[in-house]
Student: 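Sharing a structure below in structure tokens format, with a few things to ask.
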Amino acid sequence: MKKNKLLSMIIAMMLAASMLVGCSGTAAEEPADADAAETSEEDAGEEESADGEETAEAAEGDPILIGVSASITGSAPTNGMRTEQGAQMAVDEINAAGGVLGRPLELYVADDGGVQDTGINATNLIASQGVVAQVGPTLSGLALAVEGLVAEAEYPVLVGATSPKLVTTMDNPWVFRVRASDTIQAQLAATYATENLGCSKIGIFTNSNDYGSGARTVIEEFLTEKGIEFVTESHNTGDTDMTGQVLRLIDAGVDCVIVWTDDAETALAARQFYDLGLDVPVIGSTSISTPQVNELCQPEWLDNWYSCTDFTTSNDSEIVQTFVQNFNEKYGEDPELYAVTYYSAVYLLKDAIERAGSVDSAAIRDALAETDGLEVPIGTYRANDMREMIHGGTICKMVDGKAEFLEYVLVED
Amino acid sequence: MKRIANRQYLWIGAIFVVLALVPLFIDNNYYITILNQMVINMIVVFGLNFITGLTGQMNLGTAGIYAIGAYTSALLSKNFGISPWLTMMAAICAGFLLGRGLGYPSLKMKGVYLSLTTLAFTEIVRIFATNLIDITGGTQGINDIPRFAVGPVMLDTNTKYFYFILVVAVLVCLLSIRIVYSKWGREFRAVRDNADAIESLGLDIKKIKIRAFTLAAMYGTLGGALYAHFNSYITSLSFTTDLSINYVIILMVGGIGSILGNMVGAVVVTLLPELLRFLGDYYQITYCILVLISALFLPNGLVSIYGKITGLLNKGSSAEGGE
């Protein structure tokens, strides 16, 4: 009996010891991982610099570490992959051109899994690596979940989240938004309908969920302020028939419709507008320009459709075309929203660090808040009081069922 | 039997002591956050152990129960400024009502039908939480959920909060042990082992099942409330069926029906995704394979390894006549 007790005690002690060792073991492991990443990146950097030795010197010295929170696993792993690719491409370009303040940039990528707990752990992990700033996460829920952590860790975070709640319910000086919020997108649609298309009676057709109703409030406010007549109709997620609402819009004699809803409902609206003969310009949310939605539609349904979106590769401006071409060369595929968002975000950080003249997180934060007119592929960054960087969006016209770049429109804020 | 129980207590105590010691050596928010998640999972699984572990009724409603605890405490404390102590009590009461209310209709069912009912319950809670935007904030959730104070000590850091929930976990663990080795615990096991025999003794199976379910719901809502105040932010996106399944995995990996197993399961399953981070894209498949292996080769969970090892050791010592 006594012997057994002693044995159990020894085993318990061993367990205790092994757990502690286990913990510190992983702690030691991660920097080692980072080191491995560093050497491989340095190798890559050296190779590139060998190519362009005459033009630029590769950066040397201690790397500046930037955290990336990307959804590499989970329900949307492609988004995470593109996030990483976009950020990595920017880092490689910057390092090949001499780095920032003479030092190379380096990424520390952590998988946020697209879910809250993993996302919190990812940001904590990034914070514990001693980064100067972080890009990501993209999901609004994750951004809201980690904002407290970064306020404690005190380094700036550039999020691609678009929920209006990030602006309305929090005041965190460390969180910057590098994509147009849902409100800006909705404002963009209303601006384009009234100013560019010159419409005078607008139908607003929205989903009753928070995405649709949030946009509806913004559009209504905008139109009321401008004194433009409008009628509103709504539908629910999963509706399979919109005949009643469409007929009421026709009866009201609208000369333009703004449709703000999710993917499947957008495709259904397109079909029923066409079938029931609602033949006016239609401005839709970003979903209509995505391949998964416009492939559900016959091209003729979309004849008079426009789409508000963050980014399109068909934008013919030089900066976008160069980016698209370089991305294609590096990864063999066209970039999409996540790639361009975080590619641009890394350039924003570079710009801010250079203007701050140091890698002190508070100085970078202040420099970020003073950003004014930085041209990047996703648009022009200018910080407002709410730390939002983007104040416009791309309008695409649907041509043969595909979204084609029409123009970049700025909104007032 | 008694000796096994004694040895189990020693291990349980050892795990708690080790957990309590970890923050003394590691002052890193990343690890402290994982510890918090680990202990919260432990509390929830102690509850799930009553219904799924001991009574043998598959319950996939844990995420719904957890969500109700989280929302109850978060909404009451944020919107009405009520002390989180009271709102946590309210969450536990909600768990009690839920256990009773959901127990009566659903526990008439057996096997796969019970699983489906509880699964549906989780989905209903999630859909309500997603769509009652004015109350729950929908998918954008509720932020600024207050942390609370124990007497003069404000639990403002994750380390302080960790020690608080560790104390809660020790208390609910003691309560669990007390229940497991009481008449209730024996009844729970009897339902799992031989339901017909129980009825022949004049006991009401339904009542026993509802009792187990109510206990699970109360532990679950407590865990949910602790989670809400820990993260200060909750969103309906978190409370999916995946979460319910994760708790069943904890139960299974650790050892179904054993309190020590629950603790080991919570430690391993919470740590595993973080330890496997270096695998990147391959993390999920590796994780699934590990869980599958544990289900195939250790159907009684990781705690059964301990039994096997001590079994071997005892073989040696029994030769000396030590047993």
Student: Is A:Ser208 in contact with chain B via its backbone, its side chain, both, or neither, using a 4.5 Å heavy-atom distance?
Tutor: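 Neither part; nothing is under 4.5 Å.
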Student: With a 4.5 angstrom heavy-atom cut-off, could you sort out which part of B:Asp144 is near chain A: side chain, backbone, both or neither?
Tutor: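 Side chain only.
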Student: Could you pull out the closest heavy-atom pair between A:Asn124 and B:Tyr30, with the gap in Å?
Tutor: CB-CA, 3.5 Å
Student: Which one wins on heavy-atom pair count under 4.5 Å against chain B: A:Leu139, A:Ile72, A:Leu144?
Tutor: A:Leu144
Student: Please indicate whether B:Asp27 has more than 12 foreign heavy atoms, meaning atoms of other residues, nucleotides or ligands, lying under 6.0 Å from its CG.
Tutor: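 Not buried by this count: 12 neighbours or fewer within 6.0 Å.
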Student: Quick one: what part of A:Ala122 sits under 4.5 Å from any heavy atom of chain B, side chain, backbone, both or neither?
Tutor: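 Both backbone and side chain.
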Student: Check for a donor-acceptor pair, side chain of B:Arg277 on one end and backbone N or O of A:Ala110 on the other, with a separation under 3.5 Å.
Tutor: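 Checking the backbone N and O of A:Ala110 against the side chain of B:Arg277, no donor-acceptor pair under 3.5 Å is found.
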Student: Measure B:Asn29 against the heavy atoms of chain A and call it side chain, backbone, both or neither at under 4.5 Å.
Tutor: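 Both the backbone and the side chain of B:Asn29 come within 4.5 Å of chain A.
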Student: Tell me whether A:Gln116 contacts the main-chain N or O of B:Asn231 through its side chain, where contact means a donor paired with an acceptor under 3.5 Å.
Tutor: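 No, the answer is negative, given that no donor and acceptor are paired below the 3.5 Å cut-off.
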Student: Tell me which pairs pass salt bridge (charged side-chain N to carboxylate O under 4.0 Å, His left out) where either residue lies in residues 147-156 of chain A, with sequence neighbours left out.
Tutor: none
Student: Roughly how far, to the nearest 0.5 Å, is OH of B:Tyr282 from OG1 of A:Thr73?
Tutor: 13.5 Å
Student: Is it true that the side chains of A:Ser163 and B:Gln140 contain a donor and an acceptor less than 3.5 Å apart?
Tutor: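 Distance-only check passes for A:Ser163 and B:Gln140.
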Student: Heavy-atom distances under 4.5 Å only: say whether A:Ala127 touches chain B with side chain, backbone, both or neither.
Tutor: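 Contact with chain B: none, neither part.
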Student: Which bit of A:Ala143 is near chain B, if near means a heavy-atom gap under 4.5 Å: side chain, backbone, both or neither?
Tutor: neither
Student: For the OG1 atom of A:Thr237 and the CG atom of B:Asn131, what is their distance to the nearest 0.5 Å?
Tutor: 7.5 Å
Student: Will you find, in the side chains of A:Asp117 and B:Tyr227, an N or O donor that is under 3.5 Å from an N or O acceptor?
Tutor: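 There is such a pair (donor and acceptor under 3.5 Å, judged by atom type) between the side chains of A:Asp117 and B:Tyr227.
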Student: Enter the distance from A:Thr118:OG1 to B:Glu274:CD here, rounded to the nearest 0.5 Å.
Tutor: 6.5 Å
Student: For B:Phe128, does the CZ atom have more than 12 heavy-atom neighbours from other residues, nucleotides or ligands under 6.0 Å away?
Tutor: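 Counting neighbours around CZ of B:Phe128, 12 or fewer heavy atoms of other residues, nucleotides or ligands fall under 6.0 Å, so no.
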Student: So for A:Ile120, is it side chain, backbone, both, or neither that comes closer than 4.5 Å to the heavy atoms of chain B?
Tutor: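 Just its side chain gets close to chain B.
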Student: Counting only non-hydrogen atoms closer than 4.5 Å, can you tell me which residues of residues 234-241 of chain B sit against chain A?
Tutor: B:Ile234, B:Thr235, B:Ser238
